[in-house]
Number of protein chains: 2
Amino acid sequence: MDELDTEIIRLLQTDARRSNRELARTLGIAPSTCLERVRALTRRGVIRGYHADIDHAALNRSVQAMVSVQVRPLSRAVIESFKNSVSALPEVLSVFVLAGGDDFLLHVAVQDLDHLHGFLLDQLSQRREIAGFRTSVIFQQVRKPVLSRLPDPA
Amino acid sequence: MDELDTEIIRLLQTDARRSNRELARTLGIAPSTCLERVRALTRRGVIRGYHADIDHAALNRSVQAMVSVQVRPLSRAVIESFKNSVSALPEVLSVFVLAGGDDFLLHVAVQDLDHLHGFLLDQLSQRREIAGFRTSVIFQQVRKPVLSRLPDPA
DNA sequence: CGTGAAATCCATAAGTC
DNA sequence: GACTTATGGATTTCACG
């Protein structure tokens with residue numbers, strides 16, 4: 001992970017469809033060198049994939065919410081099973097397993113408030129392992145598509 | 001947004017580097033037709049960009065946390081200013097503006113627990129507008145890189 | 001709006017230093 | 001490990017149904 005790798009990562013985060021040639025030109029290196037770097041990064045698992053960023057409205061997901069959940073008993077089996085079930089639901093974008101007051105945080109995106117209500121009642125309220133949950137509708141999100149590499153912990 | 005567009009979006013979410021030719025072959029249409037569809041989707045803002053998905057460890061961000069924040073007074077000016085300041089911090093991945101008990105949720109990723117502690121003390125504790133905040137370390141995250149299109153609200 | 005052919009450009013693999 | 005070159009294949013444009 002030298003300076004060059006860091007820069008490659010930064011550029012591919014910004015625009016994953018950049019051609020290898022253009023990438024090489026920007027970095028001032030030969031295309032074959034650049035290609036080999038990208039392949040090495042992929043082989044090492046640094047680059048995990050390339051995804052198109054789609055407008056949520058086009059996916060009929062204009063309403064987003066965060067749902068914090070507590071489950072009981074807080075056992076490995078319950079946590080695993082809950083995590084797997086909810087991540088399979090189409091409404092759920094992300095599942096976070098948390099330390100602290102809440103056990104899970106679910107990021108969900110649905111058509112409208114009616115469907116959010118329906119999701120909470122049909123998919124969460126019914127579960128016996130849920131000790132409680134709290135829903136916060138998301139008014140706005142600022143997401144950073146390009147992450148810088150932080151300095152080494154030193 | 002017909003069936004074809006939906007399918008194009010699904011495939012590009014899965015792998016943004018798929019060649020146009022391969023995309024067309026998968027869909028059973030001519031490459032030029034496919035290209036025009038993709039361009040139209042981009043022009044309409046449905047496709048917002050293409051981003052490489054990078055392993056957080058390679059970016060020195062092995063520790064992630066969610067920080068829920070309450071600010072006072074809850075005015076438009078304070079919300080805007082807080083949102084803009086925190087989204088400019090390199091540690092912050094996403095800022096959510098919420099309805100309900102908490103006003104903001106910050107998704108942060110840093111080198112280690114020491115840096116998390118430092119971030120909270122140096123960047124949050126000092127702010128006068130913050131009435132309180134609560135931090136939850138993230139043990140695990142399940143993220144869905146490909147979002148299906150939900151049925152129309154009907 | 002979808003197709004097919006032609007020109008240009010690109011990814012990839014050898015071979016070299 | 002990085003560069004140069006050659007080639008097979010892809011992207012993209014354009015004229016046409």
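Every chain is numbered from 1 and lettered A, B, ... according to where its sequence line falls, protein lines coming before strand lines. Just so it is clear, the structure is predicted and the values come from calculations on it, not from any experiment.
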Whenever both distances are under 3.5 Å in a Watson-Crick or G-U wobble pair, mark it; put DNA chain C into dot-bracket that way, with [ ] for crossing pairs and | when the partner is on another strand.
.||||||||||||||||

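A:F96 and A:H107 have their aromatic ring centers separated by at least 6.0 angstrom.
In this structure, the side chain of B:D2 engages the main chain of B:D5 through a donor-acceptor pair within 3.5 Å.
The distance from atom CG of A:L41 to atom C1' of D:dG1 is 14 Å, rounded to the nearest whole Å. The distance from atom CG of A:D2 to atom P of D:dG1 is 11 Å, rounded to the nearest whole Å.
Under the side chain to side chain contact (heavy atoms under 4.5 Å, CB included) criterion, B:E129 pairs with B:V71, B:V78, B:F82, B:R127, not counting sequence neighbours. Applying the salt bridge (charged side-chain N to carboxylate O under 4.0 Å, His left out) criterion to A:R17, with sequence neighbours excluded, gives no partner residue.
Across all non-hydrogen atoms, the minimal contact from A:V92 to B:K144 is O-NZ, 2.8 Å. A:A16 approaches B:A52 most closely through the heavy-atom pair CB-N, 3.8 Å.
Between A:R37 and D:dA2 there is a side-chain N or O to OP1 or OP2 distance below 4.0 Å.
Identified under the side chain to side chain donor-acceptor pair (under 3.5 Å) test for residues 90-102 of chain A, with sequence neighbours left out: A:Q70-A:D102, A:S94-B:Q141, A:D102-B:R134.
Grouping Ile, Leu, Val, Met, Phe, Trp and Tyr by side-chain contacts under 4.5 Å, direct or through others, puts B:L4 with A:I54, A:L59, A:L93, B:M1, B:I8, B:I9, B:L11, B:L12, B:L23, B:L27, B:I29, B:V38, B:L41, B:V46, B:I47, B:Y50, B:L147.
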Nucleotide by nucleotide, nucleotides 3-17 of chain C touches protein heavy atoms under 4.0 Å in the pattern (B base, S sugar-phosphate only, - none) BB-----SBBB----

